[in-house]
Amino acid sequence: MQRRPELAQRWRAVRRLQRLPRHVGRKRGLEMILTGDPIPAARAAEIGLVNAVVPADDLLDAARNLAARIVRHAPTAVAACLRAVTRGVNLPIDEGLAVEAACFAVTVPTDGVRTGLRRFLDRSAVSG
């Protein structure tokens with residue numbers, strides 16, 4: 001029996017073997033891993049492997065637009081979100097919520113949180 005080097009390469013990528021089925025589901029993940037078939041961009045977006053598909057000429061504008069939508073928020077809040085998701089995504093929900101609470105606790109004394117709360121309270125006072 002001839003050894004298939006592609007499958008051997010996939011075995012070396014153990015982290016991907018564990019993450020892909022968790023992200024796209026066991027059956028779909030196994031199909032992708034075992035066949036190694038290319039995935040069209042639209043299909044990758046459909047199953048959540050990418051956030052969006054844009055024409056190559058629009059890629060830089062789309063990336064800048066996404067970055068602008070992120071940086072409008074306080075840097076400490078963005079960092080806390082990144083930490084909470086990165087550390088908690090593969091934990092049981094209770095542990096993930098504890099990680100989230102710890103990550104956001106460090107943002108409470110920051111100017112960004114105070115400003116955000118002030119804006120929220122000001123809007124509530126106007127509409128209430």
Side-chain angles (χ1 to χ4, degrees):
M1 184 167 161
Q2 183 180 10
R3 184 172 174 195
R4 298 200 47 204
E6 310 86 38
L7 193 55
Q9 288 172 351
R10 281 189 218 116
W11 274 108
R12 285 192 287 270
V14 173
R15 287 182 170 210
R16 282 179 247 153
L17 291 177
Q18 292 303 306
R19 290 181 180 163
L20 184 62
R22 292 168 196 248
H23 186 74
V24 300
R26 181 180 178 274
K27 290 185 282 186
R28 185 177 292 137
L30 279 172
E31 178 184 350
M32 293 168 69
I33 291 165
L34 296 175
T35 65
D37 292 343
I39 302 162
R43 180 70 175 145
E46 181 183 308
I47 62 176
L49 287 177
V50 298
N51 292 349
V53 176
V54 297
D57 292 343
D58 298 338
L59 182 58
L60 194 53
D61 287 338
R64 285 183 176 138
N65 180 283
L66 176 61
R69 291 175 22 228
I70 294 169
V71 301
R72 71 178 186 217
H73 300 289
T76 52
V78 172
C81 289
L82 287 168
R83 270 192 312 277
V85 170
T86 301
R87 293 179 182 170
V89 71
N90 290 320
L91 297 174
I93 189 69
D94 291 341
E95 292 176 41
L97 291 171
V99 167
E100 181 180 319
C103 289
F104 281 97
V106 300
T107 69
V108 172
T110 64
D111 288 336
V113 170
R114 281 194 288 272
T115 301
L117 287 172
R118 199 173 312 117
R119 285 182 188 158
F120 175 77
L121 292 172
D122 290 347
R123 273 188 264 142
S124 296
V126 170
S127 65

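Model, not experiment: these values are computed from the prediction. Counting begins at 1 with the first residue of the sequence.
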Solution key, residues 20-30 side-chain donor-acceptor pairs under 3.5 Å, sequence neighbours excluded:
| unit_1 | atom_1 | unit_2 | atom_2 | d |
| --- | --- | --- | --- | --- |
| Arg22 | NE | Gln18 | O | 3.1 |
| His23 | NE2 | Gly48 | O | 2.6 |
| Arg28 | NH1 | Val24 | O | 3.4 |

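- The number of heavy atoms from other shown groups lying within 6.0 Å of CG (Asn51) does not exceed 12.
- Shown here for Ile39 and Ala44, the closest heavy-atom pair between the two residues is CG2-N, 3.7 Å.
- Listed by first then second residue, pairs satisfying side-chain hydrogen bond (donor to acceptor under 3.5 Å, both in side chains) with a partner in residues 74-102 number zero, not counting sequence neighbours.
- Between Gly88 and Val99 the shortest heavy-atom distance is N-CG1, 4.2 Å.
- One finds the CZ atom of Arg64 at 12.5 Å from the CG atom of Asp58 (value rounded to the nearest 0.5 Å).
- No side-chain heavy atom of Val78 sits less than 4.5 Å from a side-chain heavy atom of Arg72.
- Between the CG atom in Leu91 and the CG atom in Leu97 there is a gap of 10.0 Å [rounded to 0.5 Å].
- Distance check: Ile70 CD1 to Leu82 CG gives 8.0 Å after rounding to the nearest 0.5 Å.
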As a quick check of understanding, evaluate side chain to side chain contact (heavy atoms under 4.5 Å, CB included) for Val53 and Glu46, giving each step before the final call. CA-CA 10 Å; Val53 176; Glu46 181 183 308; over 6 Å; no
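- Residues Phe104 and Ala84 approach most closely at CE1-CB, 4.4 Å, considering heavy atoms.
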